[in-house]
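Every value quoted in this text rests on a predicted model; they were computed, and no experiment measured them.
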Amino acid sequence: MAEAKTSTRKKQRRSVPAGQMHIQATFNNTIITFTDKKGNALAAVSAGACGFRGSKKGTAYAAQVAAEKAAEAAKSLYGLGSVDVFVKGVGLGRDASIRAMSNLDIVVESIKDVTGIPHGGVRPKKARRA
């Protein structure tokens with residue numbers, strides 16, 4: 001019986017000199033994602049994936065460690081040199097993760113806040129009856 005040969009192509013190492021850094025900073029965790037200019041993910045790391053557990057995941061230090069780990073991966077695998085930063089959320093990791101970029105020689109070209117703002121809101125409570 002002949003073996004079926006499957007042809008799997010080797011993943012092409014592409015160079016991405018400029019990309020985007022998305023930071024989602026909640027009170028409980030911080031998620032850092034590096035993408036190319038189109039938005040295709042290159043590297044993603046969260047504070048929880050870096051070994052922080054419980055309430056420590058929401059700290060600024062955890063966000064800094066996560067940002068350094070994600071940036072190191074994006075820089076070594078794709079040669080990332082400059083990023084546009086998009087920050088979403090209200091957590092402690094907003095500033096710390098951006099500051100971590102200067103230590104790794106990644107140029108921050110722009111910073112934009114894309115936190116969702118409710119317009120319309122939720123349905124109000126029904127009127128109290130006397």
Side-chain angles (χ1 to χ4, degrees):
M1 192 165 166
E3 291 182 30
K5 187 178 179 187
T6 57
S7 61
T8 54
R9 284 194 291 163
K10 189 178 179 212
K11 187 154 170 64
Q12 188 178 0
R13 289 271 309 254
R14 60 192 181 125
S15 177
V16 183
Q20 299 174 343
M21 176 185 184
H22 295 269
I23 304 166
Q24 184 176 8
T26 65
F27 291 121
N28 294 320
N29 203 352
T30 303
I31 301 169
I32 313 287
T33 308
F34 282 92
T35 66
D36 58 13
K37 288 287 186 185
K38 291 181 181 175
N40 301 318
L42 304 175
V45 176
S46 69
C50 291
F52 294 93
R53 284 285 166 252
S55 58
K56 293 184 185 80
K57 288 193 299 186
T59 62
Y61 176 68
Q64 178 186 336
V65 171
E68 287 171 356
K69 191 173 179 181
E72 195 62 50
K75 193 171 182 178
S76 63
L77 292 174
Y78 298 98
L80 198 67
S82 64
V83 290
D84 296 312
V85 179
F86 296 93
V87 185
K88 183 185 282 188
V90 291
L92 296 171
R94 291 168 59 101
D95 301 330
S97 48
I98 297 171
R99 262 193 224 105
M101 291 304 99
S102 60
N103 301 342
L104 293 163
D105 298 330
I106 293 179
V107 180
V108 176
E109 292 180 345
S110 69
I111 301 171
K112 188 175 181 187
D113 192 339
V114 291
T115 306
I117 301 163
H119 45 280
V122 297
R123 182 175 170 173
K125 289 178 84 171
K126 63 182 181 183
R128 257 185 81 166
R129 290 198 300 216

For residues 117-130, which residue pairs qualify under side chain to side chain donor-acceptor pair (under 3.5 Å), counting only residues two or more places apart or in two chains?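 Listed by first then second residue: nothing to list.
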According to the side chain to side chain donor-acceptor pair (under 3.5 Å) rule, which pairs have a member within residues 40-62, sequence neighbours left out? Asp36-Asn40
Looking at every non-hydrogen atom in both residues, tell me the closest pair between [X] and [Y] and how far apart they are.
X	Y	answer
Ala70	Ile32	CB-CG2, 4.1 Å
Pro17	Ser15	CD-O, 3.6 Å
Ala60	Ala96	O-CB, 3.3 Å
Cys50	Ala66	SG-CA, 3.7 Å
Ser97	Ala63	CB-O, 4.0 Å
Ala71	Leu104	CB-CD1, 3.6 Å

Contacts of Gln64 meeting side-chain hydrogen bond (donor to acceptor under 3.5 Å, both in side chains) (sequence neighbours excluded), chain-then-number -> Glu68
Please name all residues satisfying side-chain hydrogen bond (donor to acceptor under 3.5 Å, both in side chains) with Asp113, sequence neighbours left out, ordered by chain then number. Arg94, Thr115
Does any pair with a residue in residues 22-34 pass salt bridge (charged side-chain N to carboxylate O under 4.0 Å, His left out), and if so which ones, sequence neighbours excluded?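 Output for this query is empty, none listed.
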Are Met101 and Ile111 connected in a single hydrophobic cluster, I mean Ile/Leu/Val/Met/Phe/Trp/Tyr linked by side-chain heavy atoms less than 4.5 Å apart? yes
same_hphob_cluster(Leu80, Ile98) at 4.5 Å side-chain heavy-atom cutoff: yes
Taking C-beta and beyond as the side chain, do Ile106 and Val108 meet within less than 4.5 Å on heavy atoms? no
Could you pull out all donor-acceptor pairs under 3.5 Å where a side-chain atom in residues 19-26 meets a protein atom, sequence neighbours excluded?
from	atom 1	to	atom 2	distance (Å)
Gln20	OE1	His22	NE2	3.1
Gln20	OE1	Thr35	OG1	3.2
Gln20	NE2	Lys37	O	3.4
Thr26	OG1	Asn28	N	3.4
Thr26	OG1	Asn29	N	3.0
Thr26	OG1	Asn29	O	2.9

Rounded to the nearest 0.5 Å, how far does CG of Leu77 lie from CD of Glu72?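 If I round to the nearest 0.5 Å, the distance is 9.5 Å.
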Spatial distance of atom CG (Asp105) from atom OG (Ser82) [nearest 0.5 Å]: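 It comes to 12.5 Å.
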Where do Phe34 and Val45 land on the side-chain contact (heavy atoms from CB on, under 4.5 Å) test, with the steps shown first? CA-CA 9 Å; Phe34 282 92; Val45 176; over 6 Å; no
Around atom NZ of Lys88, are there more than 12 heavy atoms from other residues, nucleotides or ligands closer than 6.0 Å? no
